[in-house]
Structure formats: C-alpha cells, structure tokens
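Encoded as structure tokens, the structure appears first; notes follow it.
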Amino acid sequence: MVRVRFAPSPTGLLHIGNARMAVFNWLFARRHKGAFILRIEDTDVARSERKHMEQLMADLHWLGLTWQEGPDVGGPYGPYIQSERLHIYHDICRKFLHDGLAYRCYCTPEELEERRQVAKRTGKPPRYDNRCRNLTDEQNKAFETSGLNFTVRFKVPEEFLVFDDLIRGACQFDMSLVGDFVIMRSDGTPSFHFAVAVDDTLMQITHVIRGEDHLSNTPCHILLFHALNRKPPQFAHLSLTMGADRTLLSKRHGAFSLSEYRKLGYLPEALLNYMMLLGWAPKDKKERFKADDVIETFEISTMSKSSSVFDQQKLDWLSGQYLREAELERLTNLAIPYLQAAGFVSQDENTIDRAKLRLTVDTVRNNISCMSQIVQEVNIFFNDIVISENHIEFLSSETAQSILLSFYNEICKTNTLSPEIFKDTLKTVQKETKVTGKGLYLPIRVALTGREHGPELYGVAHILGIDTCKKRIERFLLVKK
RNA sequence: GCCCCCAUCGUCUAGUGGCCCAGGAUGCCAGGUUCUCAGCCUGGAGACAGGGGUUCAAAUCCCCUUGGGGGUACCA
C-alpha cells in the first residue's frame, strides 16, 4: 500500500510552493489508492507555533485536501507532531550510539563556525572534519565528566551512493564530501534529517515526494534508513516554484500564502487547478480540470524537472473562468462579507435584498478574478452617485438631453426594466433621436452611474430597478430647465 | 569554493530521433460583438541558451561552455 506524507514545519503561513507539494502528495496517494499523511515537523522549537499548525490545516482543508492520518485525525502511527515524539528519537539515538553508528561530538558552535571559515578560505569543502569521531577513550571520559554539552553525529561512510529518483532518474553522490552530520542537537531535539528518517521509517512511508531542495539531503536520509534497517522509500523530487523575481517562493512572500488567496476571495478549486498546472500538464492538454478528472492518468514521472515561475496573471485568468461558472448562490454568499466590510450591505444577513444581490453578483462576475474585487465594481449599485462637473456639462448638451428625455418617457411607460425591455427601449430612443452607438449609450450610462465605464448597461439598469433609474435620470432633466 | 539538479515563446507547458521551418494555454497586439472597461469570438507577433559531436535524420542522444536553481548548519 502506498503511503505518502506532507510534512510542513509550522513556522508561518503555508505558501503556494509548499502547498503544491501537499497537492501532489495528495494526488499521488489518491492515484494509487494509498494513504496521505500529515505530519508536523516542529523540531525547530524557536520558530514553531501551534497557531501556525492550526492555520495550516485549515488552509489545506479549504483547498480541498483531506488526509487519512494526522494530528487532528490521529492514526495508527502517531503521534503526528514531532515534538510529541521526542522519546522515540531518544531511544533510537541511544541505540545508534550503542551500535557505534553515531557518536558524541563536543565541538561548540563557535569552534565549528571558525573551522568552517578556515576551510572556506583555504578552498576546502566546509564540512565537519569528524574530529570527535576518533576521540580516545580517555578524551571521551574527560568530556563526559566535564558535563559539556554535546551533539550526536552520525558516522557517514566514505562511499558513492546512487539512488533512483522517480522524476530525475539516477542521482549519485560522493559521501566522502559530506561530514558526519548531527542527528541530535545539544538541547535534546532531533535534527531534521534524523526526525525525517525515523518518522518515515516508523510511519511506513513508501514514497517521499518533496521539493528539489531536499535532493542533496537524500543520501544522508538513505544512510539513516540503512542504519534503521529499513529499505529506503522511493523518492520523487519536485521542481520548485519561484516568484516573478525568479527567487524561490518563500514564507517571506506573505502574499503568496494560501490564507492570503483565501482572503482575497479566490475559489479553492481554481487555486488547486492552477497549482496542478505548475510542473505538470494533463495528457489531453485541457488546462481546466478538477483533481478527480486527472486521478486516473496522473503519473508523477511525467512531472517537470525544471523550476517554474508562479504567474499571477494566469491564475487570475483561471480564477475568472471558475468565477464565471460557479453557482450563483455560492458566489453570492461568498460576496457578502466583502460587501459588508465595504458598508454596502447590512451586517444582518436577514435584511439583505438577496434578489438584488444575486443579480449584482451575476452582472459583475465577468469583470473580476477574485471575489474581493467585487467591491470596486458594485459601488454604483449601493451608493448615491456623484456626478462630476464635466459630466454635468456633458449631460446638458442638446443631444444628451433629448436622449435622456426620450429614454425617460419610454421607461415611464413600463414598470420593470428587464434587459429585454431595456434593449427595446434603447431601440426606440435610437429611432426618435437618430443617435446610435456611443453617442446613445454614454449619456445614459453617465446619468445612471456617474461613470463612463462599467458593466453592461442593461444589466446595470436591471439591478438599479426602474425607480432608481427614473430618479437618476430626473436629476439631469432638471439641468436644462 | 565544492557538490547536486535543471535548460522549448515574457510565463506555464506539449514534444522521449523522422509526424516539428515546433503544438496548446496565458499575457501582449489587431479586428469583431450596434456604448465603455471587461468578457466572449477570430486573427497576429512570440521559443528549441551557445558551441562541438553521434546519425541518412536531433528540440529530442553524448560532451563542453554559459545561464538558472538547490545544497554545503546544533533551519526545515
């Protein structure tokens, strides 16, 4: 059975780059009818926070991902939070020490740093020189009794290590270039490498799907799997996602967090679709698809090896497509908080004119790429309009006045202003005034909205309703008198 | 510095030796849709990083260069 995991560290908001890793793990698990596991890697005590973990899970759920095992749902291989697994790492570390796979290192961070600098200056690889590996018994005893802090380092054999990456094929590393690395810090917490290998072993992970930034760490992990007596899982290193500036998308880019997109009112399925398009393309070349549509055909080996740039414009296009197709009722509900925040509709949802709201959302959905943008679009429907001096002058002209008057007389003959009636009305006005095109529409648009641009006029008139339309026209009929 | 990975339109990609003087999408430009912005429709410009090989034939295979990214921590 396939078992994969997404293992974020709760040190901030989940950004698109990491979320994408979760998506492909999830997709892979579904493709192979396996389990998707969420594990929280919070061994970096200084930067990890519980609220981040909760936010992260909420964001993932919002995206539509579900996991079979994790901190919130439990599972047979828990706990799923590394800070709650400390005793496990200690036990295994002790065993490593006992079996001679690891040793205590008494070098201080300052000493290490200095030696690194020296190595760099002399053009040598700045790796740990393994000096504590060969401490004599006397030296070890002396250190032990001195009560000095120590780390535990893993003995890295000097060998060539080759492994097959599902995406990149054969990758090989010369381990003589890698120093003995720390598996247990002096404060008793495990290092990332150690915790990962231990957890992936104990949690029976079969496939490790993660970012390419871990590629060079992989040989270290493989060594640890061997030490743990376990066949290493299969690896698949996905290309990374960059920002428009071609630097790695990171937590520093707050705007690229899942939470941010959620707040802006992007539809989760649109974002999910876009993320799947980064580094992968479906066989049929259709760019709009649901995860369900591609489950059967998804092959991780076909994923791109090169990194990709996150393209906000394409996301916006895709998001717009989804907005156009989404169920109106859903969009209306989604719109309400934004309109409330802008003061356009009441805080009390029961008093909101939903019919009008639905119509409004339906009219402007073509003009926006995420729901928060609705605020700029709908001002004219909820506020009294302000007409500039220029526009007053414009509407005072003889032709403008004749158009407005004709239009006014026509709408007085009816009691609703559906799009059809509006179009018929304009035809009549056109015949009467002999004005067509822009000359015909613009005066009415300006009188009705105070703007020269906006959504389709017939839609605007419909939402405004006949009474408001009359009132707004009346204001300018007075101009002439 | 050293190690590793990568390299097709601005961007995301299709392409696994002949179907490719390279296809799609987005973005951009133009025209259309009896108003505008947008949307939609139609059309257009736009790429195999460079140099060597291998081969009857190379975007596709090999080598070098260049460029980009990652790693080289008691971060993950």
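- The separation of B:rC9 from B:rU60, taken at their P atoms, amounts to 14 Å, rounded to a whole angstrom.
- Residues passing the side-chain hydrogen bond (donor to acceptor under 3.5 Å, both in side chains) test with A:Asn149: none are found, sequence neighbours excluded.
- With a cut-off of 3.5 Å on both Watson-Crick or G-U wobble distances, the partner of B:rG46 is given as none.
- In terms of position on RNA chain B, the residue among A:Cys171 and A:Ser308 whose nearest nucleotide sits closer to the 5' end is A:Cys171.
- For A:Tyr408, there are no ring-ring contact (aromatic ring centres under 6.0 Å, His included) partners two or more places apart in sequence or in a different chain.
- Less than 4.0 Å separates RNA chain B from no heavy atom of any residue of residues 156-166 of chain A.
- In a base pair of the Watson-Crick type (N1 to N3 plus N6-O4 or O6-N4) or a G-U wobble (N1-O2 and O6-N3), with each distance short of 3.5 Å, B:rC19 is matched with no nucleotide.
- For residues 446-463 of chain A, the set of pairs meeting the salt bridge (charged side-chain N to carboxylate O under 4.0 Å, His left out) definition, not counting sequence neighbours, is empty.
- Nucleotides B:rU8 and B:rU16 place their C1' atoms 14 Å apart, quoted to the nearest Å.
- For RNA chain B, the neighbouring residues in residues 270-288 of chain A, judged by any heavy atom under 4.0 Å, are A:Leu277, A:Leu278, A:Gly279, A:Ala281, A:Lys285, A:Glu287.
- Applying the side-chain hydrogen bond (donor to acceptor under 3.5 Å, both in side chains) rule to A:Asp311 yields no partners; only residues at least two apart in sequence or on another chain are considered.
- In this structure, the ring of A:Phe181 has its center no less than 6.0 angstrom from the ring center of A:Tyr128.
- The C1' atoms of B:rG17 and B:rC56 are separated by 12 Å, rounded to the nearest whole Å.
- Whole-Å rounding puts the A:Lys431 NZ to B:rU34 C1' distance at 14 Å.
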Treat primed atoms plus P, OP1 and OP2 as sugar-phosphate and everything else as base, then score nucleotides 37-48 of chain B 5' to 3': B for base contact with protein heavy atoms under 4.0 Å, S for sugar-phosphate contact only, - for none.
BBSS--------
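- Taking the six-membered ring wherever Trp is involved, the centroid distance between the rings of A:His214 and A:His237 does not fall below 6.0 Å.
- A distance below 6.0 Å separates the ring centres of A:Tyr261 and A:Tyr266.
- Proximity note for A:Val309 (side chain, C-beta onward) versus B:rC12, B:rC3, B:rU34: the nearest is B:rC12.
- Distance CD (A:Gln313) to P (B:rU11): 12 Å, rounded to an integer number of Å.
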Scan nucleotides 68-76 of chain B nucleotide by nucleotide, 5' to 3', and note B when protein non-hydrogen atoms come under 4.0 Å of the base, S if they reach only the sugar-phosphate, - if neither.
-BBS-SBBB
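- Checking B:rC2 for Watson-Crick or G-U wobble geometry (two distances, each under 3.5 Å) identifies B:rG71 as its partner.
- As a whole-Å value, the separation of A:Ile444 CD1 from B:rU36 P is 14 Å.
- Between A:Ile167 and A:Lys314, the one whose closest nucleotide on RNA chain B sits nearer the 5' end is A:Ile167.
- Pairing for B:rA7 goes to B:rU66, judged as Watson-Crick or G-U wobble with the two contacts each under 3.5 Å.
- Pairing partner, B:rA14: none, since no Watson-Crick or wobble contact has both distances short of 3.5 Å.
- Comparing B:rG53 with B:rA59, their P atoms sit 15 Å apart, to the nearest whole Å.
- Other residues, nucleotides and ligands place no more than 12 heavy atoms under 6.0 Å from the CD atom of A:Glu114.
- When rounded to the nearest whole Å, the span between CE of A:Met303 and P of B:rA14 equals 10 Å.
- Under a 4.0 Å N-O distance rule, the pair A:Arg31/A:Glu299 qualifies as a salt bridge.
- The distance from atom CD1 of A:Ile380 to atom C1' of B:rC35 is 14 Å, rounded to the nearest whole Å.
- Spacing of C1' atoms, B:rA38 relative to B:rA47, comes out at 30 Å, to the nearest Å.
- Of the residues A:Thr218, A:Asn18, A:Asn25, the one that meets the side chain to side chain donor-acceptor pair (under 3.5 Å) test with A:Arg210 is A:Thr218.
- Under the Watson-Crick or G-U wobble criterion, with both distances below 3.5 Å, B:rA38 has no partner in any strand shown.
- On the C1' atoms, B:rG27 is 8 Å away from B:rU11, given to the nearest whole Å.
- Every ring-ring contact (aromatic ring centres under 6.0 Å, His included) that A:Phe28 has, sequence neighbours left out, goes to A:His32, A:His207.
- Distance noted for atom P between B:rG70 and B:rG10: 22 Å (whole Å).
- As rounded to whole Å, 14 Å separates atom P of B:rC28 from atom CD of A:Gln312.
- Counting non-hydrogen atoms of neighbouring residues, nucleotides and ligands closer than 6.0 angstrom, the CZ atom of A:Arg324 exceeds 12 such neighbours.
- Using Watson-Crick or G-U wobble geometry with both donor-acceptor distances under 3.5 Å, B:rA57 finds no partner in any strand shown.
- Nucleotide B:rC4 holds its P atom 8 Å from the CZ atom of A:Phe173, rounded to whole Å.
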Identify each donor-acceptor pair in which a side-chain atom of residues 101-109 of chain A lies under 3.5 Å from a protein atom, sequence neighbours left out, and give them as a table.
from, atom 1, to, atom 2, distance (Å)
A:Tyr103, OH, A:Asp180, OD2, 2.6
A:Thr108, OG1, A:Glu110, OE1, 3.4
A:Thr108, OG1, A:Glu111, N, 3.1

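- Nucleotides B:rC5 and B:rC62 are separated by 13 Å at their P atoms, to the nearest Å.
- Applying the ring-ring contact (aromatic ring centres under 6.0 Å, His included) test to A:Phe194 and every residue at least two apart in sequence or in another chain returns A:Phe96.
- Put simply, OH on A:Tyr458 is 13 Å from C1' on B:rU34, counting in whole angstrom units.
- Among the protein residues, A:Lys427 comes within range of the nucleic acid bases, having at least one heavy atom under 4.0 Å from a base atom.
- Taking the ring centroids of A:Phe6 and A:Trp67, they lie at or beyond the 6.0 Å cut-off.
- Residues passing the side-chain contact (heavy atoms from CB on, under 4.5 Å) test with A:Asp293, sequence neighbours excluded: A:Phe289, A:Lys290.
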